Amino acid sequence: MIISPRFPAGPDRSLTGLLDEMSGDVPGGPLAVGDPRMVDFLTAFGRTLLDPALIRRHPELAPLGFFLRRAELDAQLARLAEPGTGSTRVLRFPRGLVFHIPPANVDTIFVYAWALAALTGNRNVVRISPRSGPAAELILERLATALQDAHPAVAATQRMITYDRDDRITEALSAACDLRVVWGGDHSVASVRRAPLGPAARDLTFPDRASFAVVGADGWLAADPAARDQAVVGLYNDSYWFDQAACASPRALYWVGDPTTAAEARTDLFERLAALLAARGELPDPAMAVHKRVAAYGEAAAGRAAALGFAADEALAVLDLADPLAAPRTWLGAGTFPTATVARLADLVPMLGRRDQTLSHFGIPEDELADFAAALAGRGIDRIVPFGAALSFAPLWDGYDLPREFTRLTTLGTVPAQARR
Amino acid sequence: MTADPSTGPSTGPGTDSAGAAEDFVFGRTQAEREEILLPELQQLTEHHRANCAGYDRILGALGIKPGGAGGTIAELPWLPVRLFKHHDLASIPPDEIFKTLTSSGTTGAEVSRIHLDKAAAGDQTRALSRTLQAVLGKQRLPMLMVDTPSVVKDRRSFSARGAGVLGMAGFGRDHTYVLDAEGRPDPEAVRAFLAAHGDAPFLVFGFTFMVWQYLYEVAAEHRLDLSQGILVHSGGWKKLADRAVDNAEFRARFAADTGLTRIHNYYGMVEQIGTVFVEGPDGDALYCPDFADVVVRDPRTWREQPVGTPGVIEVVSTLPKSYPGHVLLTEDLGVVHGIDDGHWPGKRFSVLGRLPRAEARGCSDTYAESAAGPAEAASADPQGEQAA
């Protein structure tokens, strides 16, 4: 069982040796929730990401850098304070060893989950996919830089490794860990779950999710041009950063309003988006351009799309849904927007379910959004966010409060039981 | 590659009664293709719209009115070839399906399904025969198969390679395999074949990388004389790129070391079964048979590229009548070198390679990634270039 250590980087070695090493004593004592040694390291790492040259190439790293500022981390820790009940105190501790299996191609998401698990004092093993992209490499470089000045407890407790699919390695890590964090599709989750966990360990899974965007037609037309352009930039970031394949990227865009107003608003939004794409020189590579045609023609052949439009040198594809409530949840390629108009936001409620994650919105009043959430009643949609925030990672993700998931509670009572009679 | 062994000629090319001149299928200029093929292709578009609901929905969704498709061959609406891997598109009722062909899907899940009725199956066989006769002549020649007999033995687990070998077998006689049943080179068998047939024209068939690895290297080593051979090969250059062998090198080395100079690469795919684009005698490019054409497109605008500018290859053929495959955008890159300026009239072009597979940078593929890794799958696929 040979793995390649990526952080701290080193020659290939056996997993058994690595696990033995991680179970030893931590220099300076075990990590606590919010351990200053770890906070210092995470903030130092975050600073290396807020490098303008790096952000120009990988804009998705900027939010990560901001997320790792000290004030932000302190706010997360403050949220964890437990008031206790009566005379019983509640103490919060790290869960132990956390094994992370992040998505292969969304380069940054694993860093958020790992950082929160590290902030809460856990020992972590993160499997970096052999297929990870260039941003992942840069992240590993910056982690190595930050490690130079970090307390040795960091290197002793945090590991990022790469291995080709090998069930024995996954099994050994699953047996050793206290919490397993599995990102990826339903198939990946099912595949990982074949490896048993220890009796007290548990899974935190992030399976296939789909997300949607909604625009109030009246709200769009009432917004001034600058606000519309800003919304288009937000939609662009939500959709194009990860080739529209992130689970929080919208898979379809809905107009809420009467058909005439919606048609006018729609023309305006897509013209602005096409102009933005042209200005940014956003061009799909030929393989993506072909893929988008395959996917769009397939939706038409199956009768799900009634009209297809292509613009901005293939960077933008717009599909008119034949049945508004039969929205595709599969990936149709970067910059593909199935779209339809509904009279009221509540009309979408019947089509949404557990697998639906994020609703990004523009031009819809807050009380309407709140009524919509109440009507859904938790059956689906974990996040309702404005345009541009779909991909902003939050410690509350997929319905979980991650810092709480990464910790466990010990109660401490001091008043004898009989005295309470 | 068809997985159906019976798509090759059942009687062989020598049985057609028409004379060689009128059967010659590399004779039309580009202007003649526009004049003769365009009306046929427009009719095919309307035929498929009337008989294939999915095709009609696509053209309708693109805003193309019935009867309004394409004033030139390049303006005809195309389908991406991969659509046949996800959708069953046929222009014949299910009870008239005589034969269903599947492509050489390397991942199992992704194979094209091409439906032929009796007439279409006959058409494609005749078209292929006439095309290959242009380089082979009308006689069935003794045939050297650059493969192992095992590849066609087990018909239940028929491989793409096996289908190609069997499909071509009908163009020759007295077949001899260059590899033995265990896949080891069998120079003695080749020597015996050459002793019997090597003084007159004979046919050699195989996949490009096998021809290089097992025929060239063995023939060069054993100083075998292949000067009377006519080699027909397909399958792409990807596997030979590691050995720094391209088409020019391939031809030069065969000529210098074995005397083999009559070499014809060809390009075709199961989604346009029966249509193959054949390398001319000069080895300078692939040529289109008279019932076919190519259009190289700019992947940003999909407009036709000028001569000399690479793009995505679209293949056009009047053969597909039972499914809407008469105008297909492939996932191969290519370039048109010239029009009406080569050994044969029409466009002459080269295939430059395959488009990489568009991959989602999504959240939904972590652990399942490697079981049938896309990278391996692509390298095992013979560039989508198919024997018929």
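Order of the sequence lines fixes the chain letters, A, B, ..., with proteins taken first and strands second; residue numbering starts at 1 for each chain. Quantities reported herein were computed from a predicted structural model and do not represent experimental measurements.
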Please name the pair of heavy atoms, one in [X] and one in [Y], separated by the smallest distance, quoted to 0.1 Å.
X: A:Gly298; Y: B:Leu83; answer: N-CD1, 3.5 Å
X: B:Trp78; Y: A:Tyr297; answer: O-CE2, 3.4 Å
X: A:Ala301; Y: B:His87; answer: CB-ND1, 4.3 Å

Decide if atom CZ of B:Arg300 counts as having more than 12 heavy atoms of other residues, nucleotides or ligands within a radius under 6.0 Å.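 Open.
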For A:Arg280, I'd like to know if atom CZ has over 12 heavy atoms of other residues, nucleotides or ligands within 6.0 Å.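 It does: A:Arg280 CZ has more than 12 such atoms within range.
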Distance in Å, [X] [atom1] paired with [Y] [atom2], rounded so as to fall on 0.5 Å steps:
X: A:Leu308; Y: B:Leu59; atom1: CG; atom2: CG; result: 10.0 Å
X: A:Glu299; Y: B:Ile58; atom1: CD; atom2: CD1; result: 11.0 Å
X: B:Asp298; Y: A:Glu314; atom1: CG; atom2: CD; result: 9.5 Å
X: B:Glu331; Y: A:His291; atom1: CD; atom2: NE2; result: 10.0 Å

Go through the atoms of A:Ala289 and report whether side chain, backbone, both or neither lie under 4.5 Å from a heavy atom of chain B.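 It is both, since atoms from each part get that close.
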Checking heavy atoms, do the side chain of A:Ala302, its backbone, both or neither come under 4.5 Å from chain B?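 Both backbone and side chain.
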Pairs of heavy atoms under 4.5 Å with chain A: top-ranked of B:Pro299, B:Ala53, B:Cys52, B:Gly311: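 Most heavy-atom pairs under 4.5 Å with chain A: B:Pro299.
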Side-chain contact, heavy-atom cut-off 4.5 Å: B:Phe84 with A:Val294?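 No; the side chains remain at least 4.5 Å from each other.
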